[in-house]
Amino acid sequence: MTTMNDDPALRAAQLRELLNHHAHLYYVLDQPSLPDAEYDKLFQELQAIEAAHPQLRTPDSPTQRVIGQVLDGFTPVTHAVAMLSIRTETDTEASGAQNFDARVRRELGLAEDAPPVEYAAELKFDGLAINLRYVHGQLVQAATRGNGETGEDVTQNIKTIKQIPLRLHGEVAQAAAVIEVRGEVYMRRDDFEALNERQRAANEKTFVNPRNTAAGAVRQLDPALVRQRPLSFFAYGLGEVAGWEVPATHSGMLDALQGFNLPVCADRAVVQGAAGLVAFHQAMGEKRDQLPFDIDGIVYKVNSRALQQQLGFVTREPRWAVAHKYPAQEQVTRLNGIEIQVGRTGKLTPVAKLEPVFVGGTTVSNATLHNLFELRRKGVRIGDQVIVRRAGDVIPEIVGKVEALRPAYVPNFRMPKSCPICGSAVRREQGGIDHRCSGGISCPAQRKQAFLHFAGRRAMDIEGLGDKLVDQLVDGLIVQSLPGLYKLGVAKLAALERMAEKSAQNIVDALEKSKTTTLPRFLFALGIRQVGETTAKDLARHFGAMDRLMDARLEELLEVRDVGPIVAQSIRTFFDQPHNREVVEQLRAAGVHWPEGEGALGEQGPRPLLGKTLVLTGTLPTLSRDAAKELIEASGGKVSGSVSKKTHYVIAGEEAGSKLEKARELGVTVLDEAGLQALLQQPGEAGET
Ligand code: IVH
């Protein structure tokens with residue numbers, strides 16, 4: 001993306017201007033237009049030019065100072081001890097740690113055979129640096145870093161962070177004339193997602209990432225608004241100290257801060273030499289996705305404070321610390337096109353086709369744009385340089401664009417008027433945000449999805465009827481409707497590409513086997529909009545027979561538990577179409593059958609869990625998640641995905657996580673698999689049909 005310039009003086013001047021511009025947007029206005037990784041690249045390019053041509057290093061170069069200016073609205077605060085930045089290593093794996101260790105050993109004049117240096121390794125939190133000033137244990141002021149010398153007084157805003165104590169714990173802290181604590185204000189990922197969810201619900205602009213949101217909140221002039229942006233804090237260092245004998249090591253100091261009731265991250269370690277640093281970097285790299293907050297690297301610090309003092313500082317950075325970065329979770333790449341995918345229900349989904357880019361540990365070339373509404377909100381157009389984010393386990397997302405890099409002419413994207421697959425008219429749903437192909441099952445894309453859904457494990461469970469086969473069947477016009485599947489013989493299947501006689505026979509067998517099914521499975525398999533597995537079960541239980549359901553009036557449908565007007569209408573609409581009734585008839589004629597009436601759900605016995613809600617978490621010793629769910633439901637119970645006060649039991653297996661914690665918090669009864677089995681064996685109410 002950077003245009004190389006042969007003249008180093010010109011290029012250096014250009015880089016300085018670019019960096020200053022983006023730093024202003026980023027630090028002062030909190031409106032970043034360039035992801036950190038891109039900024040770092042430009043910064044390093046300038047550093048390299050200045051290293052090769054020292055005469056080009058100007059005092060005003062961004063490499064020579066910490067950037068950021070005081071905003072009008074906040075009172076300036078002069079830091080008693082400057083808030084410096086740290087040097088960044090982007091080298092992968094071992095070399096980043098080895099380079100740092102080698103530099104430290106050289107500066108300390110250590111012989112080759114001298115024992116390894118002891119380091120404190122901790123996470124590099126992705127937020128905003130803050131200085132908390134405590135006088136005799138009392139929080140008197142909180143300030144941002146600003147330009148390193150002078151920051152801004154953000155005390156009111158910082159006080160909204162409940163983790164930050166207003167009074168430090170213990171006599172030692174309270175006896176101290178001054179203790180300045182430094183650390184990072186950040187936003188947890190779940191808090192960020194919830195905030196964006198609220199923004200969407202209110203039809204407001206969503207935030208780009210947790211870091212910018214946290215930084216924006218801290219420097220928000222209206223404290224009422226700050227309260228709506230849940231912030232968190234971790235302490236990692238000190239500023240001015242008077243009247244407290246600071247422990248001799250960095251790790252000891254952090255332990256002391258923790259003792260003062262300050263939040264200190266538990267993911268830290270004291271390690272020996274470069275090997276220890278590498279191990280920590282690797283271990284945390286593996287854990288990164290599971291952390292509840294974003295980190296962009298690891299910070300290595302010489303643990304002994306005496307050695308820290310001996311090492312001292314260079315202009316911008318301490319010699320005793322370094323930030324060793326991980327691959328960026330945000331990258332800029334070109335939006336090459338927008339493709340339309342047609343789903344089972346005919347919904348048109350715009351999918352971003354990206355210039356492949358390595359982000360968050362994988363190469364990403366597609367990202368969903370959800371719908372036209374989201375696409376417009378993001379304001380991205382084909383040809384734009386877009387910001388792709390992949391953090392944690394979440395699917396890659398386009399979070400914004402680099403306005404400055406938009407090409408001169410970019411047409412706005414429009415949804416097609418006809419389905420790109422079948423040519424049927426595209427309709428925008430009344431009041432809804434989705435566009436849908438009106439072709440129904442006559443649209444090959446919808447037909448394929450309908451077949452796959454029908455054959456799914458939780459539906460008719462037809463093994464072997466996967467993507468590739470369905471593509472061939474639909475594209476080759478071999479099967480046009482669901483009942484047609486049951487007319488497939490070995491000969492027809494074996495004639496298909498890459499299909500041996502043996503596999504063809506297996507599929508015919510699987511089709512045959514699937515004919516014996518249950519009413520809930522069959523109902524779910526039909527793919528009626530709004531009718532998921534649970535609703536299918538409720539419907540089957542209520543009506544007991546297919547014909548009764550097909551003929552049920554709207555009012556009767558509304559009597560079924562959890563069925564509201566939208567679901568009821570959708571079921572009615574489905575069965576009002578003669579075509580759909582015919583499909584049911586033909587499937588029956590093909591031999592698909594299920595028990596009806598009393599015991600239609602295979603639940604003749606007692607139903608001890610009637611009216612009870614259970615939550616499953618962790619791995620049970622013998623039962624799979626599905627099997628446990630089926631047993632609970634057959635006993636009349638409901639399985640929910642989250643623990644609340646209304647939960648009756650939590651069934652916990654190995655490696656149970658936050659749900660178990662929540663259960664303990666709320667006092668919900670926690671049982672293991674044996675406990676569940678005991679519950680199931682209880683005599684209960686007789687089954688209702
Ligand atoms: S120590 C003199 N430790 O990264 C050393 N910084 O340039 C001062 N950061 O803006 C920094 N996590 O806000 C340190 N565990 C950590 C950190 C950390 C995040 C931020 C800090 C600063 C930048 C370093």
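Read the numbers this way: they start at 1 and go in the same order the structure lists the ligands and their atoms. Everything numeric in this text was worked out from a predicted model, so none of it was measured.
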Original post:
For ligand 1, is there an atom lying under 4.0 Å from some heavy atom of Pro318?
Top reply: yes
Original post:
Please state which protein non-hydrogen atom is closest to atom 22 (C) of ligand 1 and give its distance, to 0.1 Å?
Top reply: Arg145 NH1, 4.0 Å
Original post:
Does a salt bridge link Lys662 with Glu665, judged by any charged N lying under 4.0 Å from a carboxylate O?
Top reply: no
Subject >> Within reach of ligand 1, part of Ile86 (heavy-atom separation under 4.0 Å) >> reply: both
Subject >> Pair Asp267-Arg288, salt bridge (charged side-chain N to carboxylate O under 4.0 Å, His left out): steps then yes or no >> reply: CA-CA 11 Å; Asp267 282 310; Arg288 186 184 186 192; over 6 Å; no
Original post:
Is any side-chain N of the basic residue among Asp384 and Lys378 closer than 4.0 Å to the acidic one's carboxylate O?
Top reply: no
Original post:
Is there at least one pair of N or O atoms, one from Glu184 and one from ligand 1, spaced under 3.5 Å apart?
Top reply: yes
Original post:
With a cut-off of 4.0 Å, which atoms of ligand 1 are near a heavy atom of Glu122?
Top reply: 3 (N), 15 (N), 16 (C)
Original post:
Are Arg189 and Asp289 within salt-bridge range, i.e. N to O under 4.0 Å?
Top reply: no
**OP:** State which residue, out of Glu397, Gln329, Glu330, fulfils the side chain to side chain donor-acceptor pair (under 3.5 Å) condition with Asn209.
**Re:** Glu330
**OP:** List the closest protein heavy-atom neighbour of atom 8 (C) of ligand 1: residue, atom name, distance to the nearest 0.1 Å.
**Re:** Leu84 O, 4.0 Å
**OP:** Taking only Lys NZ, Arg NE, NH1 and NH2, and the carboxylate oxygens of Asp or Glu, determine whether Glu374 and Arg377 approach each other closer than 4.0 Å.
**Re:** yes
Subject >> Lys/Arg-Asp/Glu bridge criterion (N-O < 4.0 Å) met for Lys325, Asp40 >> reply: yes
Subject >> Salt bridge flag under 4.0 Å for residues Glu89 and Arg103 >> reply: yes
Original post:
Looking only at non-hydrogen atoms, which of Arg182, Lys124, Arg87, Lys301 approaches atom 3 (N) of ligand 1 most closely?
Top reply: Lys301
**OP:** Report the member of Phe125, Tyr300, Tyr236 with the shortest heavy-atom distance to atom 21 (C) of ligand 1.
**Re:** Tyr236
Original post:
Can a non-hydrogen atom of Met83 be found less than 4.0 Å from any atom of ligand 1?
Top reply: no
Original post:
Hey, is Thr88 one of the residues with a heavy atom under 4.0 angstrom from ligand 1?
Top reply: no
**OP:** Can you sort out which atoms of ligand 1 are near Ser85, meaning under 4.0 Å from one of its heavy atoms?
**Re:** 7 (O)
Original post:
What part of Asp126, side chain, backbone, both or neither, has a heavy atom within less than 4.0 angstrom of ligand 1?
Top reply: neither
